[in-house]
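Below is one structure, written out as structure tokens; the observations come after it.
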Amino acid sequence: MNSKMRFLAIPFLFFSFLLSAAKSVTYNVQSYGAKSHGRSDSTNSFLSAWAAACASVAPATIYVPPGRFLVGGASFWGQNCKNNAITIRIDGTLVAPSDYNVLGHSGNWLKFETVNGLSIYGGTLDGQGTGLWACKNSGKHCPQGATTLGFTNSNNIAIAGLTSLNSQLFHLVFNGCNTVKLQGVKVSAAGNSPNTDGIHVQYSSGVTILNSKISTGDDCVSIGPGTTSLWIENVLCGPGHGISIGSLGKDFEEEGVQNVTVKNVTFKNTQNGVRIKSWGRPSKGFVKDVLFQHATMINVQNPIIIDQNYCPDNINCPGQVSGIKINDVTYQDIHGTSATEIAVKFDCSKKNPCSGIRLEDVKLTYKNQPAKSSCANAAGTTLGLLGPAGTTLACG
Ligand SMILES: *[C@@H]1O[C@H](CO)[C@@H](O)[C@H](O)[C@H]1NC(C)=O
Ligand SMILES: *[C@@H]1O[C@H](CO)[C@@H](O)[C@H](O)[C@H]1NC(C)=O
């Protein structure tokens with residue numbers, strides 16, 4: 001090799017090294033023994049594929065082919081991963097054990113913890129929750145059940161085109177996570193399935209939920225303490241309990257909820273539309289800077305509601321005054337039909353009245369008449385329009 005060639009070869013070798021480092025490696029769960037007939041437990045195959053992807057320095061893809069894969073319960077840890085670009089591409093269905101006692105006390109069916117840089121594309125997660133719902137609805141003593149897919153203390157998560165069916169408990173949960181993007185997610189469970197919230201977010205920042213459809217028995221999206229910079233856009237909810245900030249004020253020492261945007265959401269046959277709820281007891285928590293914009297209500301029982309005396313079923317109600325402070329909540333362009341006469345209800349804390357509540361272009365009807373509103377401790381609420389006739393909202 002003459003000196004000129006050597007001069008060219010060095011950058012070339014360096015460049016090809018970079019290319020190979022960027023090349024993705026694929027780990028097919030079937031190469032680790034996973035079975036697509038849905039009868040034998042493939043948990044260990046999924047964990048082995050994860051371990052391999054995790055140990056790889058190159059971007060890695062875990063591939064789940066078409067078929068039904070029984071997974072008995074798995075925790076995927078990211079703490080010792082060399083990799084911050086793992087993709088899980090799913091063409092098949094992951095199936096939970098049909099006996100709810102198997103996962104009944106485990107908290108989560110599929111759990112990711114301390115993971116940084118994970119994308120999940122496609123796939124169906126079948127939580128097989130119907131047996132547990134029947135047990136709970138019969139009033140018997142039953143295990144709590146498991147969340148289908150839980151993320152804890154994880155960052156840079158992207159999920160697109162995932163379907164979650166019949167979760168035993170919550171479908172997707174993000175706890176202590178930063179920068180999460182969900183797109184085209186589909187959640188489906190019966191309208192009478194207990195505690196099957198679609199997406200639950202808490203102690204998390206920068207979560208975005210786009211273009212999704214959530215039909216379930218509890219909240220479409222529930223927003224817990226410590227949630228900041230949450231964005232929800234183009235979502236269809238129903239059946240279910242609507243989009244809820246709360247319930248808050250469970251604890252005295254509690255982080256607040258701040259900077260939440262909910263845009264272009266349709267609520268169909270839901271119990272609530274946009275809701276903020278807190279228990280009636282002292283708390284340091286708060287809610288501020290919330291925008292509910294462009295919502296369509298179709299036969300919704302409580303289209304707009306702030307309930308600071310939250311106590312479902314009136315069992316063991318704390319019966320005190322809520323310490324949660326609610327400030328700067330804007331409702332803009334909310335229209336459609338209410339299933340009850342009172343479409344706007346603000347039941348705020350006597351100790352901390354709601355402030356900075358604005359309604360702009362709110363048009364809701366009940367049986368083709370302008371719907372009504374009711375307010376407590378929401379003085380100073382900016383008057384909006386209720387109903388086509390322009391009935392004004394009277395907050396004292
Ligand atoms: C509010 O949240 C959005 C994302 O939902 C983010 O882009 C924006 O920077 C946040 N604003 C503040 C003041 O944190
Ligand atoms: C509103 O959301 C629906 C999906 O729920 C979508 O089809 C529609 O295009 C969205 N509209 C706008 C203006 O983004």
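By convention here, the first residue in the shown sequence is residue 1. When reading the values below, keep in mind they use all heavy atoms of this one structure, side chains included, and skip hydrogens, waters and symmetry mates.
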Is atom CD of Gln144 surrounded by more than 12 heavy atoms (other residues, nucleotides or ligands) closer than 6.0 Å?
-> no
Can you tell me if Thr61 and Arg89 form a side-chain donor-acceptor pair at under 3.5 Å?
-> no
No-hydrogen, no-angle side-chain donor-acceptor test under 3.5 Å, Asn211 and Asn234 | yes
4.5 Å side-chain heavy-atom contact, Val262 and Leu291 | no
Quickly, which of Asp218, Asp219, Asp307 forms a salt bridge (Lys or Arg N to Asp or Glu O under 4.0 Å) with Arg275? Name it, please.
-> Asp219
Between Arg68 and Asp126, is the closest basic N to carboxylate O distance under 4.0 Å?
-> yes
Can Gln301 and Gln271 be counted as having a side-chain donor-acceptor contact under 3.5 angstrom?
-> no
Could you verify whether a donor N or O on one side chain and an acceptor N or O on the other, from Asn327 and Ser355, lie under 3.5 Å apart?
-> yes
Keeping the roles fixed (side chain from Ser204, backbone from Cys177), state whether a donor-acceptor pair exists under 3.5 Å.
-> yes
Just wondering, do Lys277 and Ser244 contact through their side chains at under 4.5 Å, heavy atoms?
-> yes
So, the side chain of Asn116 versus the backbone of Asn84: is there a donor-acceptor pair under 3.5 Å, distance only?
-> no
Between Lys363 and Asp361, is there a side-chain N and carboxylate O pair less than 4.0 Å apart?
-> yes
Could you tell me whether the side chains of Thr365 and Thr337 share a donor-acceptor contact shorter than 3.5 Å?
-> no
Below 6.0 angstrom between ring centroids: does that apply to Phe112 and Trp50?
-> yes
Exam field: side chain Asn302 to backbone Ile304, donor-acceptor pair closer than 3.5 Å = no
How far apart are the C-alpha atoms of Phe346 and Val344, what are their side-chain angles, what is the distance that settles it, and do they pass the side chain to side chain contact (heavy atoms under 4.5 Å, CB included) test?
-> CA-CA 7 Å; Phe346 296 131; Val344 177; 3.7 Å; yes
Heavy atoms, side chains only, cut-off 4.5 Å: are Val287 and Leu248 in contact?
-> yes
Could you check Tyr27 against Tyr63 for side chain to side chain contact (heavy atoms under 4.5 Å, CB included), going step by step and ending with a plain yes or no?
-> CA-CA 6 Å; Tyr27 304 93; Tyr63 179 60; over 6 Å; no
Could you give the distance from CG (Asn108) to CD (Glu113), rounded to the nearest 0.5 Å?
-> 8.5 Å
Parallel, tilted or perpendicular, as decided by the 30° and 60° cut-offs, for the rings of Trp279 and Tyr310 = perpendicular
Side chains of Ser222 and Asp197, donor plus acceptor under 3.5 Å | yes
Compute whether any side-chain donor of one residue and acceptor of the other, for Gln308 and Ser278, lie under 3.5 angstrom apart.
-> yes
Decide yes or no on side chain to side chain contact (heavy atoms under 4.5 Å, CB included) for Ile298 and Thr266, but give the supporting numbers first.
-> CA-CA 8 Å; Ile298 303 168; Thr266 297; 3.9 Å; yes
Between Thr216 and Thr196, do the side chains contain an N or O donor and an N or O acceptor separated by less than 3.5 Å?
-> yes
Report yes or no: do His294 and Asp333 form a side-chain donor-acceptor pair below 3.5 Å?
-> yes
Check the side chains of Ser167 and Thr148 for a donor-acceptor pair under 3.5 angstrom, ignoring hydrogens and angles.
-> yes
Residue pair Val265, Ile243: steps toward the side chain to side chain contact (heavy atoms under 4.5 Å, CB included) verdict | CA-CA 9 Å; Val265 174; Ile243 293 185; 4.1 Å; yes
Can you get from Leu169 to Phe174 by hopping between Ile, Leu, Val, Met, Phe, Trp and Tyr side chains that sit under 4.5 Å apart?
-> no
Stepwise disulfide (SG to SG under 2.5 Å) test for Cys237 and Cys220 | CA-CA 6 Å; Cys237 290; Cys220 170; 2.0 Å; yes
Heavy-atom closest contact (Asn272 atom, Val300 atom, distance) = C-CG1, 3.5 Å
Pairing of Lys284 and Glu254 as salt bridge, 4.0 angstrom limit | no
